[in-house]
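This report refers to the structure that appears directly beneath it.
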Amino acid sequence: MKTLDRSKLESLLKKEEELFRKNHPKSYKLYLRARKSLDGGVPMLWMVRWAGSFPVFVKQAKGAHFTDVDGNSYLDLCLGDTGAMTGHAPEATLKVIREQIEKGITLMLPYEDVVEVGEELQRRFGLPYWQFALTATDANRFVLRMARMITGRPKVLIFNYCYHGTVDETFITLDEEGTPGSRANNMGPQVDPIETTKVIEFNDIAALETALSARDVAAVLAEPVMTNIGIIHPDPGYHDALRELTRKYGTYLIIDETHTICTGPGGYTMAHGLKPDFLTLGKPIAGGVPAAIYGFTEEVSKAFAAKLDLDDADVGGIGGTLAGNALSIAAMKATFQHVLTEEFYKRAIALQEQFTAGVEGVIKEFDLPWIVKRLGNRSEYWFRPTPPKNGGEAAAAIDHELDRYMHLFSLNRGILMTPFHNMALISPDTTKEDVDYHTKVFREAVVSLFG
Ligand SMILES: Cc1ncc(COP(=O)(O)O)c(C=O)c1O
């Protein structure tokens with residue numbers, strides 16, 4: 001198998017950085033100006049980590065493409081890391097947004113639409129009761145509170161190198177010896193996550209049983225397939241064991257479908273017949289308008305009601321003035337009805353198969369120690385020869401420099417990949433030609449490194 005020449009990579013990266021600066025003078029100017037009013041020159045500090053030496057400033061986005069302030073055009077395979085999996089500004093959602101903004105945006109009162117959305121969520125995800133939030137982070141925070149309140153147990157359990165948004169309890173990882181500790185750069189934690197959380201490797205049934213058998217875990221918070229440290233599929237039978245053991249030890253199972261909604265209209269849960277106690281989801285469900293949902297079983301609903309004093313519900317730690325606002329709900333209704341449809345998934349998954357086959361072909365042609373994994377409408381290449389079984393194995397294979405090079409090489413040729421890992425999504429507007437173009441650019445990047 002081919003090995004990477006690190007000094008060649010270093011000099012190629014320098015060349016790509018020069019090309020990036022040359023082709024983005026207006027973005028650079030805006031960045032310099034932004035640094036005077038925005039911390040780091042960006043709306044969120046992590047945005048300085050994009051592959052260029054400053055971020056691309058967007059002019060306009062529509063469907064699968066966007067243009068920047070310098071007039072460069074891009075194929076967007078990042079799609080807001082799932083937030084724009086619907087394509088940018090989908091027409092069906094836009095039409096309803098235009099109508100709704102004339103009729104009121106936020107009231108802290110329900111509109112008729114919300115009932116239709118609740119009924120659609122029941123059909124789509126198989127859980128009877130639903131609530132709304134603005135972000136998947138909040139949806140996860142709220143269900144963790146519910147689970148702790150009902151069970152009276154103090155702890156939650158998560159998987160090593162998971163990501164569920166900025167949820168305090170989840171910022172804990174295992175070191176190389178398997179010892180848990182605060183995740184690197186866990187910023188100003190309220191309490192040490194050791195106090196709140198147990199962390200184990202995904203796909204390790206024995207560790208799961210040991211952790212749950214103490215009967216102090218209120219809930220397992222899990223992506224059904226890990227997606228934030230590459231795509232890590234569950235071993236055959238793992239979900240059965242997860243469900244069986246959580247039931248055995250009185251622990252709730254929360255399935256976070258925020259990324260795995262790439263699997264199909266009802267997420268991985270419906271595609272694989274999972275039976276969670278709670279389901280959370282955010283990002284693309286309102287076509288890019290902030291919105292999130294969390295659903296739960298009849299049993300949860302009754303147990304929660306039994307513990308809740310409704311007089312204090314507004315200041316009890318589960319809330320949000322803007323949650324369930326009329327605009328989010330109207331956008332969600334249209335997005336579910338017209339955009340995230342069976343037909344969309346059929347078409348997108350076929351294109352994603354084409355994407356994976358293209359990347360796989362290049363990996364084989366050059367005998368690279370890399371893999372490409374797919375989950376529904378989501379593909380990702382990873383710089384190791386075999387699929388990782390868990391987050392620890394996947395994290396050990398991260399190559400920041402190579403990652404940066406592959407991103408920047410693509411960006412300079414008009415393709416935006418999802419940052420910090422090499423992930424691609426297909427929107428309703430992505431075409432076969434777009435996918436072929438990615439294969440061509442990916443091959444050129446490989447030729448530059450190994451040719
Ligand atoms: C699985 C998962 N859950 C929740 C979130 C949080 O989403 P948001 O940042 O929109 O709150 C993310 C974000 O990437 C995620 O990947």
Side-chain angles (χ1 to χ4, degrees), residues 42-47 49-50 77-86 125 131-145 147 156-173 183 185-187 197 199 202 219-234 253-263 267-269 274 276 278-295 318-320 322-325 328 331-332 335 373 375-380 391 394-395 417-425:
V42 281
M44 284 297 291
L45 199 53
W46 57 259
M47 288 187 193
R49 284 193 57 216
W50 277 97
L77 294 173
C78 166
L79 294 169
D81 193 10
T82 312
M85 193 175 80
T86 52
F125 299 106
Q131 293 279 273
F132 297 84
L134 285 181
T135 64
T137 298
D138 267 356
N140 284 329
R141 290 178 46 239
F142 297 162
V143 297
L144 288 179
R145 276 184 176 266
V156 300
L157 184 143
I158 55 110
F159 295 107
N160 197 25
Y161 285 102
C162 67
Y163 186 72
H164 295 281
T166 53
V167 178
D168 288 323
E169 295 92 328
T170 59
F171 287 89
I172 182 166
T173 45
R183 190 169 184 153
N185 272 329
N186 184 8
M187 300 180 211
T197 311
V199 51
F202 195 56
V220 172
L221 173 59
E223 280 193 283
V225 176
M226 293 188 80
T227 66
N228 281 298
I229 188 81
I231 295 173
I232 306 175
H233 289 276
L253 176 60
I254 304 165
I255 293 290
D256 178 349
E257 289 277 7
T258 303
H259 279 177
T260 46
I261 191 65
C262 63
T263 315
Y268 192 91
T269 294
L274 305 188
F278 295 87
L279 185 149
T280 59
L281 170 59
K283 293 204 185 183
I285 57 174
V289 174
I293 50 175
Y294 52 108
I318 296 179
L322 298 169
N325 71 75
S328 300
M332 207 185 295
T335 304
K373 302 289 295 290
L375 174 68
N377 174 28
R378 182 183 186 93
S379 284
E380 176 143 12
M417 299 293 290
T418 309
F420 326 131
H421 41 143
N422 290 286
M423 192 275 279
L425 284 165

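Sequence positions, counted from 1, serve as the residue numbers for this chain. All ligand and atom numbering here is 1-based and tracks the order in the structure.
- Ranking the protein heavy atoms by distance from atom 3 (N) of ligand 1 puts D256 OD2, 2.6 Å first.
- Taking all atoms of both residues into account, the shortest heavy-atom contact from V143 to T280 is CG2-CG2, 3.8 Å.
- Heavy atoms of T280 found under 4.0 angstrom from ligand 1: none, in either backbone or side chain.
- The atoms of ligand 1 that sit less than 4.0 Å from any heavy atom of E223 are 1 (C).
- Of the possible donor and acceptor atoms, one in the side chain of T418 sits under 3.5 Å from a partner among the backbone N and O of M423.
- Considering only non-hydrogen protein atoms, atom 9 (O) of ligand 1 sits nearest to T137 OG1, 3.8 Å.
- Scanning both residues, V199 and F159, for their nearest heavy atoms gives CG2-C, 4.0 Å.
- In terms of protein heavy atoms, atom 14 (O) of ligand 1 is closest to K283 NZ, 2.7 Å.
- Polar contact check, N228 against ligand 1: a nitrogen or oxygen pair lies under 3.5 Å apart.
- Looking at atom 7 (O) of ligand 1, its nearest protein heavy atom turns out to be A136 CB, 3.5 Å.
- With a 4.5 Å cut-off on side-chain heavy atoms, Y268 and L274 count as touching.
- You'll find the side chain of I285 reaches within 4.5 Å of the side chain of I293, heavy atoms only.
- In this structure a side-chain-to-backbone donor-acceptor pair under 3.5 Å is present from T197 to E169.
- Every N/O-N/O distance between T227 and ligand 1 stays at or above 3.5 Å.
- At a 4.0 Å heavy-atom cut-off, ligand 1 touches N140 through the side chain alone.
- A salt bridge links D81 with K283: the closest approach of a Lys/Arg side-chain nitrogen to an acidic carboxylate oxygen falls below 4.0 angstrom.
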